[in-house]
Number of protein chains: 2
Amino acid sequence: MPKTRTKSKFREYLLTQGLKSTQQRELILEEFLRAGSHLSTEDLYLRLRKKNPRIGYATVHRTLKLFAECGIAEQRHFGDGQARYEASDQGEHHDHLICVTCGRIVEFEDPRIEQLQDEVAAEHGFSIERHRLELYGSCSSCRQA
Amino acid sequence: MPKTRTKSKFREYLLTQGLKSTQQRELILEEFLRAGSHLSTEDLYLRLRKKNPRIGYATVHRTLKLFAECGIAEQRHFGDGQARYEASDQGEHHDHLICVTCGRIVEFEDPRIEQLQDEVAAEHGFSIERHRLELYGSCSSCRQA
DNA sequence: CTGCTATTGATAATCATTTTCATGGAATGG
DNA sequence: CCATTCCATGAAAATGATTATCAATAGCAG
Ligand SMILES: [Mn+2]
Ligand SMILES: [Mn+2]
Ligand SMILES: [Zn+2]
Ligand SMILES: [Zn+2]
């Protein structure tokens, strides 16, 4: 959760994998942590270009995948055709409410739902390794307008 | 649910929309209903080519979208990058268990989960218009192997 | 420093999906 | 039955997101 901790986790990952710590990777991680969650590769790329116009899209893309491999970020898909990333909260899990009008995303976690998912899976002989729950609708401000 | 009913619903839709009933559309619907559920455009296209090699991919694609518009089919995305379609059970809803090893898909519906989703949404001031719940894991046969 | 190797970024390749457009076919009204 | 109109079709190209390629560059171990 603290940015410093995330950064050291990433540097450690690079070390153990024989990868190099570079200016770009530092910059991308810095901006990724500064920016709000659920941003697409393009979102982050555009933000980064303002600070360093020499950064390449491919590098941003590869670095975000690295973040995911390393466990400091998670990839999401909300049905608009592009991958989004968010910083991961160390083993914590949450699902999403998405406003189809304004795009607002609210995170939630409901242990009762998680429990029922396990039950359902067990009834069908499945063991779950991950799941995906997204609720699409309109947020209160969009309904008033 | 009965195929004849689905077919007449489609023909009726074509009529009311000023669209034409064609050999291809009849053929595609026939094969769509015959084939198992959750097939991709390509899956259906390949099946159709065996019977009529002159059919075009674009036509299959457009016709599947027509089915969805008309309400006789629903589009799904299970994270493998391609859209899948299944015949819709008239207002009935279900979610999916997906085996990440063999690709098997099991359908389920749990009113308790649906209920909790509504509660969670209400707590955050959202009104849900649709949702998506997918449980990924391994089925019993894949775990034994 | 030097040299080895990973990384970078411009560009091209992929892959599913969607569009384009010339041709063919379905329906309607003589 | 014919003509006309307009929709549908299918081959091919366009799109958009993602991923691969490759020559030039930059970490880093020695
Ligand atoms: Mn989130
Ligand atoms: Mn299904
Ligand atoms: Zn909203
Ligand atoms: Zn399986």
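Letters go in sequence order (proteins before strands), and every chain restarts at 1.
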Just verifying a value: how many Å separate [X] [atom1] and [Y] [atom2], rounded to the nearest 0.5 Å?
X        : Y        : atom1 : atom2 : result
A:Ile128 : B:Glu134 : CD1   : CD    : 12.0 Å
B:Asp95  : B:Asp110 : CG    : CG    : 9.0 Å
A:Ile98  : A:Ser138 : CD1   : OG    : 12.5 Å

Hydrophobic cluster partners of A:Leu15 (side-chain heavy atoms under 4.5 Å):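 A:Leu15 clusters with nothing; isolated.
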
Within residues 35-43 of chain A: residues closer than 4.0 Å to DNA chain D (heavy atoms):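 Within residues 35-43 of chain A, no residue comes under 4.0 Å of DNA chain D.
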
Neighbours of DNA chain D within residues 60-79 of chain B, by heavy-atom distance under 4.0 Å: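 Under 4.0 Å from DNA chain D: B:Arg62.
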
Residues from residues 44-59 of chain A lying under 4.0 Å of DNA chain C - heavy atoms: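 DNA chain C contact set from residues 44-59 of chain A: A:Arg54, A:Ile55, A:Gly56, A:Ala58, A:Thr59.
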
Covered region of DNA chain D, 5' end to 3' end, by chain A [heavy atoms, under 4.0 Å]: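 From 5' to 3', the first and last contacting nucleotides are D:dA17 to D:dC28.
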
Short heteroatom pairs, N/O only, protein and nucleotides 26-29 of chain C, under 3.5 Å:
residue: C:dA26; atom: N3; partner: B:Lys20; partner atom: NZ; Å: 3.4

A:Leu19 CG to C:dT5 C1', straight-line distance once rounded to whole Å: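 Nearest whole value for this atom pair: 12 Å.
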
Rounded distance in Å - CD (A:Gln24) to P (C:dA10):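 So the two atoms are 11 Å apart, to the nearest Å.
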
Name of the residue among B:Thr22, B:Thr59, B:Thr63, B:Leu48 meeting side chain to side chain contact (heavy atoms under 4.5 Å, CB included) with B:Leu27: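 Output: one option passes, namely B:Leu48.
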
Sequence-distant partners of A:Arg34, salt bridge (Lys or Arg N to Asp or Glu O under 4.0 Å), two or more places apart: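 Scan of A:Arg34 (salt bridge (Lys or Arg N to Asp or Glu O under 4.0 Å), adjacent residues dropped) gives A:Glu30, A:Glu31.
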
Partner set under salt bridge (Lys or Arg N to Asp or Glu O under 4.0 Å) for A:Arg49, not counting sequence neighbours: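 Testing A:Arg49 for salt bridge (Lys or Arg N to Asp or Glu O under 4.0 Å), a comparison that skips the adjacent residues, returns none.
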
side-chain hydrogen bond (donor to acceptor under 3.5 Å, both in side chains) partners of residues 68-81 of chain A, not counting sequence neighbours, each pair once: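 Those involving residues 68-81 of chain A are A:Tyr13-A:Glu69, A:Gln75-A:Tyr85, A:Arg76-A:Glu86, A:Asp80-A:Arg84.
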
Residue pairs involving residues 123-145 of chain A (criterion ring-ring contact (aromatic ring centres under 6.0 Å, His included); sequence neighbours excluded):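 Non-adjacent pairs meeting ring-ring contact (aromatic ring centres under 6.0 Å, His included): A:His93-A:His131.
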
Angle between terminal axes - the helix from C:dC1-D:dG30 to C:dG30-D:dC1, 5 pairs each end, rounded to 10°: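 End axes: 20° apart.
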
Show me the side-chain donor-acceptor pairs of residues 101-109 of chain A shorter than 3.5 Å, one per line, residues at least two apart or across chains.
residue: A:Glu107; atom: OE2; partner: A:His38; partner atom: NE2; Å: 3.0
residue: A:Glu107; atom: OE2; partner: A:His94; partner atom: NE2; Å: 3.1

